[in-house]
Engineer: 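Below is a structure I'd like to ask you about.
Numbers for residues simply follow the sequence, beginning at 1.
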Amino acid sequence: MDKGNGRNKIVIVGGVAVGAGAAAKIRRMDESADIIVIERGPHVSFANCGLPYYLGDVISRREALLLHTPASLHARFQIDVRTRQEVVAIDRKNKEVMIDNLEEGTSYRESYDKLVLAMGAQPVMPRLPGIQLPGIFQLRTVPDVDAMKAWISSNRVKHVAVIGAGFIGIETVENLTTLGLSVTLIEKAPQVLPPFDEEMTAHVRQELTRLHVNTALGDGISEFRGMGRATEVVLESGRVIKADMFILGLGVRPNSTLAQEAGLELGMAGAVKVNDYLQTSDPDIYAAGDVAEVSHRVNGRQRFIPLAGAANKQARIIGENICGARVKFEGTLGTAIVKLGETTLAMTGLTEKAAKADGISHVVSYNTAGHHAGYYPGATDLTVKLLVEPLTELVLGAQISGKLGVDKRIDVFATAIASRLSLDEMTGLDLAYAPSFSSAKDPVIMAAMVAQHVVRGEVCTVRTMDDIRRLNALILDVRTEGEAVKRALPGAVNIPLDQLRERAHELDKNITWVVYCRSGQRSYYAYQILSGLGFNSVYNLEGGMIVQEMIQQVEDFTNVESVVF
């Protein structure tokens, strides 16, 4: 093939977010460029994040998933889109790619001036006995979800086993329950949503129970069985789970074989290594999205974080840089959000377990507040966990669990981390307030204030019952008598906060006390009162009864046997 008659010729391997996005940006900046997109599948641009919701009929129209077609991209941007064709090799020396036409069974070569690798990631498919049996699916493309819907309708599916409790797994579970199907969720890790700190997933576990989802956590899969189709999966523990259909959500790995065979440098988790400008080790070849590694904005370390938000931003940057700009991709915070039923969970930056693994100094704080003013009807709890660097008082990460308003707050935290706002600056943020939307002190600001107290040593805290036992401490419950009667920590002494000054003489000043309430706010006031009255050793229970119940739910959560039929 020729070089495009002297015009800049760009070949893009793969469509969807990076491929289609980069192509459109290049066209907007260079009307004369020759742009070719090679896509192995039948669809060049589709909303893969919407697939679980099409499966569950929340999105009713299949066409809504197809953002662009080859015809629409050509009509609007004069882009040459070739679907059902696959780039099988890269000849870097001659700047050509070898392409197989999957429909015609032919092969040809195509030259390039710049090459963009946007092959994305491929689902993890373990090599297990029976894995190829009919009735086992993965959810990655439009044809995948088409096959699932056809199987459900033609096989009278009643029971589905979802294997993998990550983001896609949880969203798939939710949508299957909306179809009225019985679901068993299987996860090798001991928790759902493994990217989060475990206690923050407690409300998702509660929601799984409310939705009557059977669970098998801390147990991987070892074998599928069935005659002519999969009818059961055997777990590593030996437990057997029967189902009419099995959906694998075991995560993804970068589809980097093409890059590796071309001699391009690979990095974290086998993803393609790129510089700040998204160039590979060959400066004429760019890579982005799920095939490439990214820099984490908190610590600058390279990570494999396959998320759509970063991919879309990278597509734009590649388009600009191919057209002569020098725009840096500043990295990602891994900001993510997921919903199950009435519960929403979100994260940004580092989790506590990630900070520990990387040896990063940090302080943890919790705060629970209403998503809007408590006196306005309908307020629901938002529980915020913050990680803060103690010397700089910069936020390293945030996680939020709640029902409403989670998305708004996690975005504020993501912005604050990216902008390197200190706790002082966060407590001074001017956030929108009206009773139906927030409180005068928004949950973001309240969480930052609580973190200040902990980081600056204005309050000493403990987190678990084990911590209390190690201190050989007694427990003081400063909630109302009515609250304490409903549920209390074992052995706790109840003196309501408003009576504490008058009744402090009932407590021994020379022993260690751990004070708690519902959320940690009243117990913080009690901590200050007791400290001011000369008590020698006082601690506040982090996050109060709410966080303690989250921790205990994680510890006490037991697997519910799946339905056997």
Engineer: Using the test side-chain hydrogen bond (donor to acceptor under 3.5 Å, both in side chains), find all partners of Asp411 that sit at least two apart in sequence or belong to another chain.
Structural biologist: none

Engineer: Just by modelled atom types, is the His203 backbone N or O under 3.5 Å from a matching donor or acceptor in the Gln553 side chain?
Structural biologist: no

Engineer: May I ask you to decide if Ile360's main-chain N or O and Asp358's side chain share a donor-acceptor pair within less than 3.5 Å?
Structural biologist: no

Engineer: Does anything in residues 164-177 pair up under salt bridge (Lys or Arg N to Asp or Glu O under 4.0 Å), and if so which pairs, sequence neighbours excluded?
Structural biologist: Glu174-Lys339

Engineer: As a test of understanding, state which of Val459, Val478, Leu541 forms a side-chain contact (heavy atoms from CB on, under 4.5 Å) with Ser523.
Structural biologist: Val478

Engineer: Under 3.5 Å, is there a donor-acceptor pair linking the side chains of Thr368 and Ser519?
Structural biologist: no

Engineer: What pairs with Arg501 under side chain to side chain contact (heavy atoms under 4.5 Å, CB included), at least two apart in sequence or on another chain?
Structural biologist: Ile529

Engineer: Less than 3.5 Å apart, any donor N or O on the side chain of Thr480 or Glu483 sitting next to an acceptor on the other?
Structural biologist: yes

Engineer: Side chains of Asp477 and Tyr516: donor-acceptor distance under 3.5 Å anywhere?
Structural biologist: yes

Engineer: Counting only N and O atoms by type, is there a donor-acceptor contact under 3.5 Å from the side chain of Trp513 to the main-chain atoms of Asp508?
Structural biologist: yes

Engineer: Is it the case that over 12 heavy atoms from other parts of the model lie below 6.0 angstrom from the CZ atom of Arg156?
Structural biologist: no

Engineer: Applying salt bridge (Lys or Arg N to Asp or Glu O under 4.0 Å) as the test, list every pair that has at least one member in residues 529-554; sequence neighbours left out.
Structural biologist: Arg463-Glu542, Arg487-Glu549

Engineer: Only counting residues at least two apart or in another chain, list the ones meeting side-chain hydrogen bond (donor to acceptor under 3.5 Å, both in side chains) with Gln399.
Structural biologist: Asp197

Engineer: Give every donor-acceptor pair under 3.5 Å between a side-chain atom in residues 439-449 and any protein atom, sequence neighbours left out.
Structural biologist:
{"residue": "Asp442", "atom": "OD1", "partner": "Arg409", "partner atom": "NE", "Å": "3.3"}
{"residue": "Asp442", "atom": "OD1", "partner": "Arg409", "partner atom": "NH2", "Å": "2.9"}
{"residue": "Asp442", "atom": "OD1", "partner": "Ser438", "partner atom": "OG", "Å": "2.6"}
{"residue": "Asp442", "atom": "OD2", "partner": "Arg409", "partner atom": "NE", "Å": "3.3"}
{"residue": "Asp442", "atom": "OD2", "partner": "Val444", "partner atom": "N", "Å": "2.9"}

